[in-house]
Amino acid sequence: MKKFLLASLLLASMSSFAATPQFNNLSKSDVEKVGNEFAVNFAHTTVAAPETDGLWGVEVGVIGGSTASPNLAKVVDSSGGNGKDFKTIYHAGIMARVHLPLDFFIEGTVLPKRTISDVKINSNSFALGWNVGRFAGLPLDLAIGANTSQGNVSFTQAATTNVPADSTISVKTRTTNLWVGISKTFLFFTPYAKVGTARTQADVKVDASSGTIYSYTSSQNESVTKNGGYLAFGANLQFTIIKLGFEVAQMNTVKSATGKLSIDF
């Protein structure tokens, strides 16, 4: 089963970047929008209903999905690259979820460092929640939670007008969410919804002997932050110990979709 999960992860993440991006002459607005899209792409999700069932429980599996990135596509186009390869970016990871006594639960995901089409990429995330509904004996699951994530993307870019030597571009992101969620199980089908707040942060850096990728500053490193809302809808299907899941979400106006295959016991 371990080999099966790793193979599924490979298939989900191998198309993360069809080509190498290109950044040049970026405005402050470009950095903010692209940084937000990358951060949302790496945001935490295990495609899990905010539920707990029994005293203990463990779920492990793989997730994979996509995030709309129209601003990244525009930036690549304006920088002299082919933006059509970046209208969508992809995410994947190994996920785990454990629910504990008193109806607490913890979640985590990880994508080990990989190199895809000369782009280096890795991510990890963690979440903690409490199912108040089950703890209080309510007729549905009502949970509160918080999660955080980190993602890293880096690639080598050929010399440009602004950067006279080959350089390494890196984008490091962080996201934080606070949310409230509800769910209800009907036989083997569990729909759910979550709503909350979102904060995304991104550091975009060019590592070169001289020059910059920005049009408004001589700095080689820029940090941007965006605060906004978070909304997600999903469902899980349980067949004995096999669980399938699908989730659509919007965070800071950026849309994403993620699927899951896991073992729940």
Requested in this report: Ignoring hydrogens and angles, tell me if any N or O in the side chain of S256 forms a donor-acceptor pair with the backbone of T67 under 3.5 Å.
Outcome: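 No; judged by distance alone, with no hydrogens or angles, the pair does not exist.
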Query raised in the report: Sub-3.5 Å donor-acceptor pair from the side chain of N252 to the main-chain atoms of K226, do we have one?
Result: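 Looks like yes, one N/O pair under 3.5 Å.
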Flag yes if more than 12 heavy atoms outside [X] fall under 6.0 Å of its [atom1] atom; otherwise flag no.
{"X": "K28", "atom1": "NZ", "value": "yes"}
{"X": "N82", "atom1": "CG", "value": "yes"}
{"X": "L187", "atom1": "CG", "value": "no"}
{"X": "F188", "atom1": "CZ", "value": "no"}

Regarding [X] and [Y], do their side chains bring together a donor and an acceptor under 3.5 Å, going by distance alone?
{"X": "T109", "Y": "S125", "value": "yes"}
{"X": "N131", "Y": "T52", "value": "yes"}
{"X": "S215", "Y": "S27", "value": "no"}
{"X": "S183", "Y": "E51", "value": "no"}
{"X": "T190", "Y": "N236", "value": "no"}
{"X": "S123", "Y": "H91", "value": "no"}
{"X": "T168", "Y": "D207", "value": "no"}
{"X": "T46", "Y": "E107", "value": "yes"}
{"X": "H44", "Y": "S149", "value": "no"}

Between [Y] and [X], is there a side-chain heavy-atom distance shorter than 4.5 Å?
{"X": "Y214", "Y": "V31", "value": "yes"}
{"X": "K205", "Y": "E222", "value": "no"}
{"X": "F42", "Y": "I121", "value": "yes"}
{"X": "P50", "Y": "D141", "value": "no"}
{"X": "N162", "Y": "N25", "value": "yes"}
{"X": "N147", "Y": "T45", "value": "no"}

Report task. Show your reasoning for whether ring-ring contact (aromatic ring centres under 6.0 Å, His included) applies to F155 and F23. Result -> CA-CA 11 Å; F155 56 93; F23 290 166; 5.7 Å; yes
salt_bridge([X], [Y]) N-O dist < 4.0 Å:
{"X": "K255", "Y": "E37", "result": "no"}
{"X": "K260", "Y": "E247", "result": "no"}
{"X": "D203", "Y": "R174", "result": "yes"}
{"X": "K243", "Y": "D264", "result": "yes"}

Report task. Tell me whether the centres of the aromatic rings in W179 and Y230 are closer together than 6.0 Å. Result ->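 No, too far apart.
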**Report entry** Ring centroid separation F233 to Y192 under 6.0 Å
**Finding:**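 That pair fails the under 6.0 Å test.
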Report task. Show the numbers, then the answer: is there a side-chain contact (heavy atoms from CB on, under 4.5 Å) between F38 and V153? Result -> CA-CA 9 Å; F38 272 112; V153 175; 4.1 Å; yes
Between atom [atom1] of [X] and atom [atom2] of [Y], what is the distance when rounded to the nearest 0.5 Å?
{"X": "L26", "Y": "T217", "atom1": "CG", "atom2": "OG1", "answer": "12.0 Å"}
{"X": "T148", "Y": "N177", "atom1": "OG1", "atom2": "CG", "answer": "8.5 Å"}
{"X": "Q150", "Y": "Q201", "atom1": "CD", "atom2": "CD", "answer": "10.0 Å"}

